[in-house]
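Just below is one structure, and these are the notes that go with it.
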There are 2 protein chains.
Amino acid sequence: MQTAHATLNNQITSNATLLRPRPAPEFGTARAVTKDEEIFAEGDRAAYFYKVVSGAVRTFKLLSDGRRQIDAFHLPGDIFGLEKGDEHRFSAEALGDATIIAYRRCSLEALASRDQAFANQVIASMMNSLERAQDHMLLLGRKHALEKIATFLLVMAERLTEDGHVDLPMSRIDMADHLGLTIETVSRSLTQLERQGIIELPAHRRSIILRNKAALERLEA
Amino acid sequence: MQTAHATLNNQITSNATLLRPRPAPEFGTARAVTKDEEIFAEGDRAAYFYKVVSGAVRTFKLLSDGRRQIDAFHLPGDIFGLEKGDEHRFSAEALGDATIIAYRRCSLEALASRDQAFANQVIASMMNSLERAQDHMLLLGRKHALEKIATFLLVMAERLTEDGHVDLPMSRIDMADHLGLTIETVSRSLTQLERQGIIELPAHRRSIILRNKAALERLEA
DNA sequence: CGTAGCTTTGAACAACGTCAAACAGCGTGG
DNA sequence: CCACGCTGTTTGACGTTGTTCAAAGCTACG
């Protein structure tokens, strides 16, 4: 019950601790990563946070028996790996070859005093993550397989905007682990949508053409 | 996971800090709400955000056919209803009789310049929400019914800390809609845990005694 | 070409949901 | 004080969605 209070203050004090003098690194250091390369792992010390420049990144948690939940895919411009505490609560891997910028982690106050605009960007990105997470809980907890797929396709179409032609950067396994399904169910749902003429699955397996967005929106529930 | 320890330890000190007379920010306006009373609804203009003083609040989203996902329960000290955009993306209702404080919503910048400490509290609360949401996605997407229940009981025990004796402020329906289950499955899982001697369900249906936390933690997966 | 890694497809199965009924606590009113 | 009905919870039988297990198809890439 006081937990909230506690953590709140926790934040403030720990920020103070982090304020120790340091060469100003507003401009992080770029880094190139290759397909499936680990950027950081759950439990690692959170010395940096990151921004995607090109490519895409997945962040995920694992259960002891290997079940995986991908909480988000991060596309160019997205910030990820920012933590309240001092260790990463997720693992992060590149979906394909990608470039990212690493920023040395520091307190928001320090950040704000040095570069207000960047600080605001970071906060805004946090709120975006939160909104996405909240929408995703509804999807995971209450939507059926077909509704999950429909929602996912619409969201990705929106984020990748190639006008109904979505070139997915992730495999079926990644989709499944993001949507709380198995790859088989993902596959079956997609072919069902294709048979209904709502989408098209060209030979190149990673790309999808949305033929009937209205129908998808109806399916979204 | 000493993170938990850390937070608990800091709790004491930080509460002390918070109770100190603080340069008054917006002293929000207190409001008493009764069981199931709506505090705001999804789509409402987000003119205020709130802090729970006593009682508990649920925030949730609905699908068109009435399926509901409760994204979080808010206990005393928790902040809820803070939005990035200008309308609420959730509905909020009191679980039982409760009192809350309403703060007039304003930009974080304005808030920060006027009362840095309070601004930090707000940001920290956002990060808390995000962390909870992320953990909850793992639960919703990848855990089985029994694992969901086990996790839920441990989390609630931690937050309500009456040491193994949890007095839940919510009904089975609320639990179900939070965990992505049905009330029947919640009920069955609880009785299964009771039959295994891991918990005890006294006559008063809202209270639960955790007899074997270790077993629950093993079940958590 | 040939092999490796995804993806799709099919059939059997299990976990969870649905439907229905019994049960318990609790407030109300006779 | 007890009967009554209301509401929330538990329990049971059965159905369905999505998973599991297995195998075959594609693509890509050497």
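Every chain is numbered from 1 and lettered A, B, ... according to where its sequence line falls, protein lines coming before strand lines. These numbers come from the heavy atoms of this one structure, side chains and all, not from hydrogens, waters or symmetry mates.
- Here B/Phe40 pairs with B/Tyr50, B/His88 under the ring-ring contact (aromatic ring centres under 6.0 Å, His included) rule; sequence neighbours left out.
- Phosphate contact (OP1/OP2 of C/dG17, side-chain N/O of B/Arg188, threshold under 4.0 Å): absent.
- Looking at A/Arg89 and B/Asp135, a side-chain N of the basic residue comes within less than 4.0 Å of a carboxylate O on the acidic one, giving a salt bridge.
- Legend: residues meeting side-chain hydrogen bond (donor to acceptor under 3.5 Å, both in side chains) with A/Arg67, ordered by chain and number and at least two apart, are A/Asp65, B/Glu147.
- Qualifying side-chain hydrogen bond (donor to acceptor under 3.5 Å, both in side chains) partners for B/Arg172, counting only residues two or more places apart in sequence or in other chains: none.
- Between B/Ile199 atom CD1 and D/dT10 atom C1' there is a gap of 13 Å when expressed in whole angstrom units.
- We find that CZ of A/Arg195 is positioned 11 Å from P of C/dT8, with the value rounded to whole Å.
- Distance CZ (A/Arg142) to P (D/dG18): 13 Å, rounded to an integer number of Å.
- Between B/Leu201 atom CG and D/dT10 atom C1' there is a gap of 11 Å when expressed in whole angstrom units.
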For nucleotides 12-16 of chain C, list the nitrogen or oxygen atoms of the protein found under 3.5 Å from its nitrogen or oxygen atoms, one pair per line.
residue	atom	partner	partner atom	Å
C/dC16	OP1	B/Ala145	N	2.9

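- Distances shorter than 4.0 Å separate some side-chain N or O of B/Thr191 from OP1 or OP2 on D/dT11.
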Between the protein and nucleotides 22-30 of chain D, which nitrogen or oxygen pairs are less than 3.5 angstrom apart?
residue	atom	partner	partner atom	Å
D/dA28	OP1	A/His204	NE2	3.4

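- Not counting sequence neighbours, A/Ala203 has no partner by the side chain to side chain contact (heavy atoms under 4.5 Å, CB included) test.
- Applying the side-chain hydrogen bond (donor to acceptor under 3.5 Å, both in side chains) rule to B/Glu220 yields no partners; only residues at least two apart in sequence or on another chain are considered.
- Between B/Ile183 atom CD1 and D/dT10 atom P the separation is 9 Å, expressed in whole Å.
- With sequence neighbours left out, the side chain to side chain contact (heavy atoms under 4.5 Å, CB included) criterion links B/Ser91 to B/Ala41, B/Glu42, B/Phe60.
- Remark: A/Thr59 engages A/Asp71, A/His74 in a side-chain hydrogen bond (donor to acceptor under 3.5 Å, both in side chains) (not counting sequence neighbours).
- Direction of the helix axis in the helix from C/dC1-D/dG30 to C/dG30-D/dC1 shifts by 30° between the two five-pair termini, rounded to 10°.
- Every side chain to side chain contact (heavy atoms under 4.5 Å, CB included) that A/Thr99 has, sequence neighbours left out, goes to A/Ala32, A/Val53, A/Ser54.
- Counting non-hydrogen atoms of other residues, nucleotides and ligands closer than 6.0 Å to CG of B/Asp163 gives a total of 12 or fewer.
- Protein atom CD of A/Gln192 is 14 Å distant from nucleotide atom P of C/dT8, rounded to whole Å.
- Defined by atom type and a distance below 3.5 Å, a donor-acceptor pair is missing between the side-chain atoms of B/Arg105 and B/Tyr48.
- Salt-bridge annotation for B/Glu87 and B/Arg45: absent, with no side-chain N of the basic residue lying under 4.0 Å from a carboxylate O of the acidic one.
- Summarising the geometry, the separation between CG on B/Leu190 and C1' on C/dA24 is reported as 16 Å, rounded to the nearest angstrom.
- A heavy atom closer than 4.0 Å to some atom of DNA chain D occurs in no member of residues 167-176 of chain A.
- The distance between atom CZ of B/Arg206 and atom P of D/dT10, rounded to the nearest whole Å, is 11 Å.
- Under 4.0 Å is where a charged nitrogen must lie from a carboxylate oxygen, and between B/Asp177 and B/Arg68 at least one such pair does.
- Look at B/Asp174 and B/Arg58 and you find a salt bridge, because one of the NZ, NE, NH1 or NH2 atoms lies within 4.0 Å of a carboxylate O, short of that distance.
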